[in-house]
Amino acid sequence: MESARLIAGLARMVRDVGLAEELAQDALVSALEQWPETGVPRNPGAWLMTAAKNRGIDLIRRSQNYRRKLEEVGRDTGHDHAPDASTGVGDIDDDVLRLVFTACHPVLSTEAQVALTLRMLGGLTTAEIARAFLVPEPTVAQRIVRAKKTLAKAGVPFEVPAEDERGARLASVLGVIYLIFNEGYSASSGDDWMRPALCEDALRLGRVLAGLAPREPEVHGLVALMEIQASRSRARVGPNGEPVLLLEQNRARWDQLLIRRGLAALERAESTPGPRGPYTLQAAIAACHARARVPEDTDWIRIAGLYEALSLVTPSPVVALNHAVAIGMAFGPAVGLELVDELLEEPVLRDYHLLPSVRGDLLVKLGRSAEARSEFERAADLTRNERERKLLLDRAAAC
């Protein structure tokens with residue numbers, strides 16, 4: 001829970017992301033050794049930060065630039081407090097936001113930027129990041145290691161870039177924030193269907209970024225998308241933690257405040273001249289669901305059109321799969337299944353559990369229960385989330 005802020009606060013002081021992570025890990029190890037005997041301190045975050053700073057001072061004393069860096073760390077050591085978790089929306093002085101921009105520096109490839117920030121900020125494991133990327137785990141591990149070395153070698157400053165430099169790094173930052181949100185919204189692995197803390201971190205960062213770049217429509221588009229999706233959180237989980245699918249959710253439990261905030265952000269994004277970007281288009285899709293009081297009111301034809309527009313802006317097999325779902329809802333399961341079957345040979349989707357899950361759903365609607373059962377079972381084998389696996393197995397049994 002404290003990891004991201006701990007690393008971010010340390011990175012501001014030592015100006016080295018890799019070293020900051022090592023210091024944070026050392027502090028966590030010390031906690032695991034001492035807290036069973038001494039008890040958990042009243043303010044765990046402050047304890048961890050102090051332990052990490054003390055370790056940092058020991059390392060700096062042995063470095064060539066002892067005097068300069070020791071003064072930087074020493075000035076802050078006297079303040080025994082945890083990293084501030086209540087940073088305001090417009091507060092640029094945000095260590096975590098600095099960490100995002102540092103990890104999204106142009107010296108890194110886009111893939112490395114996203115992988116490093118997810119590891120540092122979201123606290124995701126290499127396996128979880130690989131799942132988000134749909135790439136092998138060793139590939140992500142190599143990206144993270146190389147990214148840290150590259151940042152250190154280039155001497156990248158730990159700062160929010162000046163306004164004229166933000167544009168080039170904005171797309172990567174938005175991608176990082178949304179991937180963090182998605183991991184919280186639909187956890188790729190583990191025993192829980194959702195990881196709300198990640199959603200909250202992503203929303204906070206998105207709102208801060210909207211204050212930093214108020215004229216960027218895609219920033220508002222991303223905030224709109226996250227606000228609207230987050231509005232469904234209470235309805236997405238049943239009494240025993242089981243997943244509840246969108247069309248089966250109790251819409252009275254959707255958070256109307258978040259929906260209003262999301263629709264307002266979408267309006268800001270759409271009021272800016274120019275073509276709509278991918279986040280604004282996805283937010284418009286989410287808004288179609290948010291405006292429907294009951295599932296039957298959903299404007300699936302508009303959603304299908306928005307997915308078609310999205311496929312032109314950011315073509316990908318996953319977008320094509322979502323487009324097929326919308327087509328199936330708008331024009332019948334047979335039409336949707338035809339489009340899904342065209343994706344069966346896509347290499348990226350070969351181990352993507354939602355492909356057989358979607359196919360199974362369409363087959364159920366067509367009355368082809370035996371085939372649907374096989375698809376749900378295959379989807380259950382592919383997912384790494386225990387809650388989702390049980391849901392898929394239940395759907396298979398129902399066939």
Side-chain angles (χ1 to χ4, degrees), residues 85-92 94 97 170 173-175 177-186 193-238 243-307 309-310 322 326 329:
S86 59
T87 305
V89 172
D91 190 356
I92 297 177
D94 187 329
L97 190 63
L170 191 59
V173 172
L174 294 176
I177 293 173
Y178 191 44
L179 278 174
I180 293 170
F181 180 87
N182 272 341
E183 182 58 35
Y185 192 68
S186 297
W193 174 234
M194 295 184 65
R195 298 171 64 184
L198 285 180
C199 292
E200 291 166 7
D201 279 342
L203 266 170
R204 184 180 69 87
L205 283 171
R207 292 164 183 163
V208 171
L209 195 58
L212 277 174
R215 296 184 182 88
E216 294 288 344
E218 276 293 82
V219 174
H220 296 297
L222 176 59
V223 171
L225 176 59
M226 294 191 298
E227 299 274 17
I228 295 172
Q229 287 184 322
S231 72
R232 308 175 198 148
S233 296
R234 288 180 298 182
R236 294 185 76 242
V237 180
V244 181
L245 299 178
L246 176 62
L247 298 182
E248 299 171 3
Q249 290 171 14
N250 178 1
R251 301 190 176 207
R253 301 194 68 202
W254 287 3
D255 190 321
Q256 294 302 313
L257 173 60
L258 290 180
I259 289 175
R260 288 195 296 273
R261 293 178 68 158
L263 294 177
L266 177 59
E267 185 177 348
R268 285 194 292 273
E270 292 181 332
S271 64
T272 304
R276 296 183 188 179
Y279 296 111
T280 302
L281 287 168
Q282 291 178 77
I285 292 168
C288 288
H289 294 293
R291 293 185 177 111
R293 293 294 181 180
V294 293
E296 292 76 17
D297 291 344
T298 306
D299 189 348
W300 286 106
I301 293 178
R302 173 168 167 74
I303 290 175
L306 288 166
Y307 269 121
L310 183 62
N322 287 326
M329 295 297 294

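- Here the closest heavy-atom approach between residue Gly262 and residue Ala224 is recorded as O-CB, 3.2 Å.
- Here the closest non-hydrogen pair linking Ala265 and Val223 is CB-CG1, 4.3 Å.
- Of the inter-residue distances, the one linking Leu222 atom CG with Tyr178 atom OH reads 8.0 Å to the nearest 0.5 angstrom.
- In this structure, the side chain of Gln249 engages the main chain of Val244 through a donor-acceptor pair within 3.5 Å.
- One finds the CZ atom of Phe181 at 7.0 Å from the CG atom of Leu225 (value rounded to the nearest 0.5 Å).
- Using a 4.5 Å heavy-atom cutoff, the side chains of Arg276 and Leu306 are in contact.
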Before giving the answer on side chain to side chain donor-acceptor pair (under 3.5 Å), spell out for Ser231 and Arg261 the whole-Å C-alpha distance, their side-chain angles and the decisive distance to 0.1 Å. CA-CA 10 Å; Ser231 72; Arg261 293 178 68 158; over 6 Å; no
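- When atom types are taken as modelled, the side chain of His289 and the backbone of Thr298 share no donor-acceptor pair closer than 3.5 angstrom.
- A 4.5 Å side-chain heavy-atom check between Pro278 and Glu218 finds at least one atom pair inside the cut-off.
- By the 6.0 Å and 45° rule, Arg236 stacks over the aromatic ring of Tyr185.
- Taking both residues in full, the closest heavy atoms of Asn182 and Gln229 are given as OD1-OE1, 4.4 Å, listed atom of the first, atom of the second, then distance.
- Looking at Arg268, its side chain never comes within 3.5 Å of a backbone N or O of Pro214 through a donor-acceptor pair.
- Under the 4.5 Å side-chain criterion, counting only non-hydrogen atoms from C-beta, Pro295 is in contact with Arg251.
- The two atoms that bring Ala290 and Ile228 nearest to each other are CB-CG2, 3.9 Å, heavy atoms only.
- A heavy-atom distance below 4.5 Å is not found between the side chains of Asp299 and Arg291.
- The CE atom of Met226 lies 11.5 Å from the CG atom of Leu258; values are rounded to the nearest 0.5 Å.
- Counting heavy atoms from C-beta on, the side chains of Glu270 and Thr280 come closer than 4.5 Å.
- Here CG of Leu266 is found 12.0 Å from CD of Gln282. Values are rounded to the nearest 0.5 Å.
- In this structure, Ile177 CD1 and Arg204 CZ are separated by 10.0 Å, a value rounded to the nearest 0.5 Å.
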Test Met329 against Leu247 for side chain to side chain contact (heavy atoms under 4.5 Å, CB included), laying out the working first. CA-CA 11 Å; Met329 295 297 294; Leu247 298 182; 3.6 Å; yes
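- Nearest heavy-atom pair across Trp300 and Ala326 is CE3-CA, 4.0 Å.
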Starting from the C-alpha separation in whole Å, work towards a yes-or-no answer on side chain to side chain contact (heavy atoms under 4.5 Å, CB included) for Leu170 and Leu209. CA-CA 9 Å; Leu170 191 59; Leu209 195 58; 3.9 Å; yes
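- With contacts defined as side-chain heavy-atom distances shorter than 4.5 Å, the pair Thr272/Arg215 does not qualify.
- Of all heavy-atom pairs spanning Gly221 and Ala283, the tightest one is O-CB, 3.5 Å.
- Within the 4.5 Å cutoff, side-chain heavy atoms of Gln256 are placed close to those of Trp254.
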